[in-house]
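Below is one structure; the comments refer to it alone.
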Amino acid sequence: MNIVGIDPGRDKCGVAVLNSSAEILFEKVIETAEFENILKNLVTQYDLKMAILGNGTTHKNAEKILRGLNLEVKIVDEKHTTEEARKLYWKKNPPRGWRKILPTSMQVPPEPVDGIVAEILVKRLL
């Protein structure tokens, strides 16, 4: 069974689809305005039945959309997921050049980590 994880936000959302073996099938940061259309496509493409939704900003609106797409929705606590996502970002993308010198705990990833947060939300459930 494939599961979609969502880190909802006011301007952007992290979205990740994982299978039951925790393999990432899709991971992206999308604009909140595109959320419904992209989710419709993902539901069809990956035969989604369940969504794991972080309880952060705008999650109530996202929940309405997901339920409208006939997905079972589980709302989970997002506490500390951004910190976890930053660590995971640096594992997936080891620093190069001068960034190797600084500890990754002192660096901010050069791109949003919302997609990784969505991945973490699903992995917490699995």
Quiz item: Going by atom types only, do Gln45 and Asn41 share a side-chain donor-acceptor pair under 3.5 Å?
Solution: no
Over all heavy atoms of both residues, which pair between [X] and [Y] is shortest? Give the atoms and the distance, please.
| X | Y | result |
| --- | --- | --- |
| Ala16 | Ala118 | N-CB, 3.6 Å |
| Gly9 | Thr58 | O-OG1, 3.2 Å |
| Ala62 | Pro8 | CB-CB, 4.3 Å |
| Val29 | Gly115 | CG2-N, 3.6 Å |

Once rounded to the nearest 0.5 Å, what's the spacing between atom [atom1] of [X] and atom [atom2] of [Y]?
| X | Y | atom1 | atom2 | result |
| --- | --- | --- | --- | --- |
| Leu18 | Glu23 | CG | CD | 9.0 Å |
| Ile116 | Ile120 | CD1 | CD1 | 7.0 Å |
| Leu53 | Leu121 | CG | CG | 8.5 Å |
| Met1 | Met50 | CE | CE | 4.0 Å |
| Ile3 | Glu72 | CD1 | CD | 9.0 Å |
| Asn55 | Asp77 | CG | CG | 5.0 Å |

Would you say that [X] contacts [Y] through its side chain, given a criterion of any heavy-atom pair below 4.5 Å between the two side chains?
| X | Y | answer |
| --- | --- | --- |
| Leu48 | Leu69 | no |
| Leu66 | Ile6 | yes |
| Arg124 | Ile52 | no |
| Pro95 | Leu102 | no |
| Pro110 | Tyr89 | yes |

Quiz item: Do any N or O atoms from the side chain of Tyr46 and from the backbone of Phe26 form a donor-acceptor pair under 3.5 angstrom?
Solution: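 Judged by distance alone, no pair lies under 3.5 Å.
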Practice problem: Give a yes or no answer on whether the side chain of Asp7 reaches the backbone of Val117 with a donor-acceptor pair at less than 3.5 Å. | Solution: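 A pair under 3.5 Å: no.
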Exercise. Applying salt bridge (Lys or Arg N to Asp or Glu O under 4.0 Å), name anything that partners Glu27, two or more places apart in sequence or on another chain.
Key: Lys92
Quiz item: Partners of Asn37 by side chain to side chain donor-acceptor pair (under 3.5 Å), sequence neighbours excluded?
Solution: none
Among the clusters formed by ILVMFWY side chains lying less than 4.5 Å apart, do [X] and [Y] turn up in the same one?
| X | Y | value |
| --- | --- | --- |
| Leu88 | Val17 | no |
| Leu25 | Val43 | yes |
| Val76 | Ile24 | yes |
| Val73 | Phe35 | yes |

Quiz prompt | Sidechain N-carboxylate O distance under 4.0 Å for Glu84, Lys123 | solution = no
Quiz item: In terms of side-chain geometry, is the basic nitrogen of Arg67 or Glu63 positioned less than 4.0 Å from the acidic oxygen of its partner?
Solution: yes
Quiz item: Do you know which of Lys28, Lys12, Arg10 makes salt bridge (Lys or Arg N to Asp or Glu O under 4.0 Å) with Asp114?
Solution: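 The single option meeting the salt bridge (Lys or Arg N to Asp or Glu O under 4.0 Å) with Asp114 is Lys12.
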Quiz item: Can you check side chain to side chain contact (heavy atoms under 4.5 Å, CB included) on Val15 and Ile38, steps first, answer last?
Solution: CA-CA 10 Å; Val15 179; Ile38 289 174; 5.5 Å; no
Quiz prompt | Flag if over 12 foreign heavy atoms under 6.0 Å of CD, Glu31 | solution =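 No, the 6.0 Å shell around CD holds no more than 12 heavy atoms from other groups.
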